[in-house]
Structure formats: structure tokens, C-alpha cells
Number of protein chains: 2
Amino acid sequence: MPTETGSQPTSHKYLKVRDYLVALAAEELAVGDPVPSERALTQRFGVSRMTVRHAIDALVSEGVLEKVQGRGTFVSAPRMDFEVRLSTFGEQMQRLGLSASTTVLDSGAVAAPAEVAAVLGVSPGAQVHHLRRQRRADGKPMAIEEAWIPVALAPRLFDDGPPPSLYDALRTHGQDPQWGEETLAADIATREECELLDMSENSAVLRATRRTHGDDGAVMFSRSCFRGDRYQVWVPLAPPHVPEKPSRPSPAPTTSKEDS
Amino acid sequence: MPTETGSQPTSHKYLKVRDYLVALAAEELAVGDPVPSERALTQRFGVSRMTVRHAIDALVSEGVLEKVQGRGTFVSAPRMDFEVRLSTFGEQMQRLGLSASTTVLDSGAVAAPAEVAAVLGVSPGAQVHHLRRQRRADGKPMAIEEAWIPVALAPRLFDDGPPPSLYDALRTHGQDPQWGEETLAADIATREECELLDMSENSAVLRATRRTHGDDGAVMFSRSCFRGDRYQVWVPLAPPHVPEKPSRPSPAPTTSKEDS
DNA sequence: CCAACAGAGTGGTCTATACCTCATGATGTT
DNA sequence: AACATCATGAGGTATAGACCACTCTGTTGG
């Protein structure tokens, strides 16, 4: 596609204004600082006010700026990351400052079990890569993880042996993980899980089943079993759904407050 | 001064267009159907095209509509709710088609225990409303829930007895829940919990601790204990973090596909 | 029969201007 | 000093056109 991003100095004046404001917010200004007024930008760029507003509105909806009528437009605080992301075990451990290690328990292509086939949307018995691993944090067993990926999506995925990161491997094989859904539930560990996780019998585990979607449907199904005493999930919660009425764009006046 | 906030029903033409489109999308049209063109709306409402576009753009950013250059504007599929929301037990059960019932186990104002005080950011020993409830779905015990709310925030919160919905009560007392954070972990139920949840000993439970924030800090701390065999949490996962550069207005055409 | 083209229709960008509402600070007035 | 008023300047809404880019479709040529 010649949708060449870079260059094209001419195209789209509002993008110029936008880029200018983005740079300004990122480099020159601090959170809460006002950006130039719409009329000022109008003159600086020699464009009409509607064009300036177009640029600003885009940044407002992206959370970069916020507008307050009668006062101005301000650099908004980086908004809390309200989305739980498709992170890997390694990333999660890194965030916690722990070292992650892994032992592959099983690896290879198998015929998809019924449930797996259903979740992945492939015909039962279709070939799927299968990987089962024990994951440790600072050497201590933390979880057992099992994953299935349709062979048809990435035939050579396991050619170099089981990859250290399935997500990375999927990416390099043209199957970028786009989004996912995960279900969490508490359960009692099975005997085998107790062994692999080095737990006593009747211990609680957190079971997570995850379906990862790519550009064209489900790319992976995985089931993880975490030690209940060593793992917990943090979930940010967005405000309750507001019916419909726009009424308040609610600029969330981050400002004010603690300024002496 | 009568800075009358309310009123202004008529004003704002773009809201009329917006409301019309919302109704249209909700009642008349199916997902994927086109809405009237911008020029058509211009004439129907006797407004300028910029006004129509203002209304449409708002709905696009809300996910109600999507635009495709050269083709038109369409009712978009209800987008996946990528945010887990501050929902109440009642709402959760309703979504599952179950009837929710509640038994209040304990209710009143108490001195905040140390941990509660710390989480809520009040001084230890400060008065907090306390509510402990058993929650059932279709009559079967589902969870035990305990909540603490600083009395200072809403002194009369429990004046009419423990409210059926704490979130609704907070709202009516001027402490709108804005966002929250929840931590989930698996554990073994205590003896008391086993009794209240009608479980045998050594059963797994999902423990959720939630801090709810209002406009001005934490408004509530709650701890829930769900039956592991009857409750699970669904979490949508956003794509791995994209660097910074928006570059891409990325209209995300979503369309195509099923159109014959 | 199929490819190429032209036209119509849709959203995308942009201008130049007008008047409104709201927040703030300077100026008066009490 | 304390309060009221007003001017200023910010964003908010709205107009009436103009031309561009893209998608379709029906027509026309080969």
C-alpha cells in the first residue's frame, strides 16, 4: 500500500497541527499545562479554526489533551491504563521483578480435542500445535500452562522446537495476537498439579482459560493453572456504563487540586 | 444565581441529529445497515453538514456508528466491551439471567480496621459504614461480601437501613463511583465461609478485593468471596501495547466480511 | 463477454465567519 | 476590605459553501 506513513508534508493540515500538539505535549509541556489557544494555532498554521479544532478533538478523544470551556485546552495526565492486556508470563513476572523460567513438559502437534477444536473454531481432530509448560518465578513453581494453536495457521511454528514465547512466535509467523478473552475461576488442584506446582493436597489454584484472537479469528487457546497462594490478578474497572446521554463529556478536571 | 444547569432541551441541533441516529440505530436498523447520508440528514434537519458530521463523529467515537469513505455510514456491531466495569452483584446476575437475592449478615458503623483504613486512606479507627452480606443466585449461595465506606463521605448512607445497592446509594449521596481496581485470587474457604456458602470443607473460593474510587479518592473497600464452582470472571484482553505513534487514524474498517 | 470508463453518491478536508457560553481578572463600588 | 460588574479571551455551536478521495454501478468499447 502506498499509504506511506512518513513524509507527505503537504497532506492534511490538521495532521500538521496535530503533530505539533503531540510534540508539544510530549516534549515541551507538563501535565496540566495549557496548549496554545485555538485562535493562536489558527494564526500560527494559517488554517481555519475548524481545522484546528479537528486536530484538537482528535487528541482529546485519544486522551492526550482535555478541553475546559472558558479556560483552555490542557495536556492531560496519562490516563490510567484501563485495559488488561495480552501479556505473557514473562512480561508479568518482569513487571513483578521476578525472574521467569520455564520447563517444557510436552510439545508437538496433536489432533485437536473436542473442546479445543470448538473454542478455536477448527474441525475436531484437526492438527494443532500443543505445548505444555511449567512456569516458575524465581525458581519456584508458579503455574502450569497448556496451549493449542492450529497448525494450519502457522505450520512451521515449532520447527525450531517450542518457542520461548508463543506470542512472539505467532507474531513472526504472521499471526499477530490482536485481543483475547480470559476466564478466571478458583478450583482445587488435582494431584498431578499439586506435584508440578509443589503444593500440598487440597490447595487452591486459579484457573485461567484464554482465547487469543488474531486478525482472522482465534489463533490460540490456552489453559493455565496458577498457585492460588502465589498469584493474583489485578483488574482495573471502568466506570459503570452510562446509558446513552452524552450530557457530560466530563473532562475530568485533573487540574486544580493540590496547586497550593 | 439561577445558573440553571438543567433545561436546554431544544438547543443544540447536533444533539437532535444525534438522538435521531441513536434511535434509528437502536430501533429501526440492524447492524451493518447504512444510516442516511450526511447530505440527507442535512436536509432532513435543516442544518449544515458540519453539524451533521459533529453528531455522527460523536457516535462513531462511541462505537455506535462507523464510517467508510465512499460508501456511507453504518450501524456498527456493538463493540466488544473492552473494559470490565464497576458492576454490582445484581447486574452481574442479571446478565447471567439469574435472580439475585441478598441476606444482610451485619450492618452498621464501626471503627475502621487498620487494613481498611489504609486502603481507604482514612485514619485508623475512623468511623466507616460496614456491611456484610450473603448473596445468592437463584436462591443458591454464591458469595459473601463485605464492604466499608467512610462515614465522613456519606454520613446518612445507612439512615434507611442498609441500602440494597451500595453503588446506587453512593450515587444518591453524591459519591459517584468513578473507577475501581480489583484483585482476584484463589483460596480455600474458611469454615465459616463453607457454612455460609453451603460448601463442603476444603472447597475453593475466588477472593476479590475491590477498591472503588469516586471523584475525590477512594470511597469504598470491599472483599468478596465467591464459590469457586459457581462463579467465574470474564476478562477481555486488549492487544499488547502499541508504542506511541498514533500515526494511524486507523478507521478500522471492520466492515467487509459478511457482506455477500 | 469482459474490460475500461464515466457518473453519481458518499465521506474527508477546509475556509471564513458569526454568535454563544463560561472562567477569569481588572475595575469599580459599597 | 468586601463585594459587584464588566471586559477579555477561552472553548462551543453553527452556517454555506468548496473541492478532494473513494466506492459503486451502469454504460461503452474492444
Side-chain angles (χ1 to χ4, degrees), chain A residues 1-4 8 10-19 21 32-61 65-76 246-251 253 255-256 259, chain B residues 1-19 21 33-61 65-76 248-256 259-260:
Chain A
M1 275 317 88
T3 313
E4 233 342 334
Q8 272 6 313
T10 43
S11 55
H12 301 326
K13 305 184 177 181
Y14 82 88
L15 284 180
K16 288 190 176 176
V17 180
R18 192 203 123 95
D19 289 346
L21 290 172
D33 286 355
V35 301
S37 75
E38 296 180 353
R39 271 111 176 158
L41 291 168
T42 282
Q43 295 201 262
R44 171 190 286 263
F45 288 92
V47 299
S48 79
R49 193 166 157 226
M50 288 303 293
T51 303
V52 168
R53 283 176 65 79
H54 184 12
I56 291 179
D57 286 347
L59 291 174
V60 167
S61 78
L65 303 178
E66 44 189 275
K67 304 197 277 191
V68 182
Q69 180 173 147
R71 300 221 302 128
T73 302
F74 307 85
V75 177
S76 80
S247 52
R248 309 280 53 258
S250 84
T255 39
S256 60
D259 45 331
Chain B
M1 270 319 94
T3 313
E4 236 342 334
T5 39
S7 63
Q8 78 323 5
T10 43
S11 50
H12 298 329
K13 305 183 178 181
Y14 81 88
L15 284 181
K16 288 189 175 178
V17 180
R18 192 202 122 94
D19 289 347
L21 290 173
D33 287 354
V35 300
S37 76
E38 296 180 353
R39 273 112 177 157
L41 291 168
T42 281
Q43 294 201 265
R44 172 190 286 265
F45 287 92
V47 299
S48 78
R49 191 165 159 227
M50 289 301 293
T51 303
V52 168
R53 282 177 65 78
H54 184 10
I56 291 179
D57 286 347
L59 292 174
V60 167
S61 80
L65 303 177
E66 45 188 276
K67 304 197 277 190
V68 182
Q69 180 172 153
R71 301 221 301 129
T73 302
F74 307 85
V75 177
S76 80
R248 319 269 45 270
S250 84
T254 319
T255 39
S256 61
D259 45 333
S260 59

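No experiment lies behind these values; they were computed from the predicted model shown. Convention: sequence-line order gives letters A, B, ...; per-chain numbering from 1.
Each of C/dG11, C/dT13, D/dA14 was ranked by its minimum atom distance to the side chain of A/Y14; first place goes to C/dT13.
Distances shorter than 4.0 Å separate none of the side-chain N or O atoms of B/K13 from OP1 or OP2 on D/dT13.
The CZ-P distance, from A/R39 to C/dT17, rounds to 13 Å in whole Å. To the nearest angstrom, P of D/dG11 lies 11 Å from CG of A/L21. Put simply, NZ on B/K16 is 14 Å from C1' on D/dA14, counting in whole angstrom units. Between the NZ atom of B/K67 and the C1' atom of C/dT13 there is a distance of 11 Å, rounded to whole Å. Between A/H54 atom NE2 and C/dG11 atom P there is a gap of 15 Å when expressed in whole angstrom units. As rounded to whole Å, 15 Å separates atom P of D/dA14 from atom CG of B/L41. Rounding to whole angstrom units, CG of residue A/D57 and P of D/dG12 are separated by 7 Å. Between the P atom of C/dA16 and the CZ atom of A/R53 lies a distance of 17 Å, rounded to the nearest Å.
Partners of B/R49 under the salt bridge (Lys or Arg N to Asp or Glu O under 4.0 Å) rule, at least two apart in sequence or in another chain, are B/E38. B/T51 meets the side chain to side chain donor-acceptor pair (under 3.5 Å) test with B/S48; sequence neighbours excluded.
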Kindly give the atom pairs (protein nitrogen or oxygen, nucleotide nitrogen or oxygen) under 3.5 Å for nucleotides 3-9 of chain D.
residue	atom	partner	partner atom	Å
D/dG9	N2	A/G70	O	3.2

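Identified under the ring pair (Phe, Tyr, Trp, His ring centres under 6.0 Å) test for residues 33-52 of chain B, with sequence neighbours left out: B/Y20-B/F45.
The two residues B/R18 and B/A55 make their nearest non-hydrogen contact at N-CB, 3.8 Å. In plain terms, the two heavy atoms of A/P36 and A/A40 that are nearest each other are CB-CB, 4.2 Å. Taking all atoms of both residues into account, the shortest heavy-atom contact from B/V75 to B/L65 is CA-CD2, 4.0 Å.
For the atom pair A/R71 CZ and A/S37 OG, the distance stands at 14.5 Å (nearest 0.5 Å). Separating the CD atom in A/E66 from the CD1 atom in A/I56 is a distance of 13.0 Å, to the nearest 0.5 Å.
Between the two ends of the helix from C/dC1-D/dG30 to C/dT30-D/dA1, each summarised by a five-pair axis, the helix axis turns through 0° (rounded to 10 degrees).
When each of A/V35, A/D57, A/L59 is paired with A/K67, the side chain to side chain contact (heavy atoms under 4.5 Å, CB included) condition holds for A/D57 and for no other.
Within the 4.5 Å cutoff, the side chain of B/L21 has heavy atoms near those of the B/L41 side chain.
For the segment residues 42-52 of chain A, residues with any heavy atom less than 4.0 angstrom from an atom of DNA chain C are, sorted by number, A/G46, A/V47, A/S48, A/R49, A/M50, A/T51.
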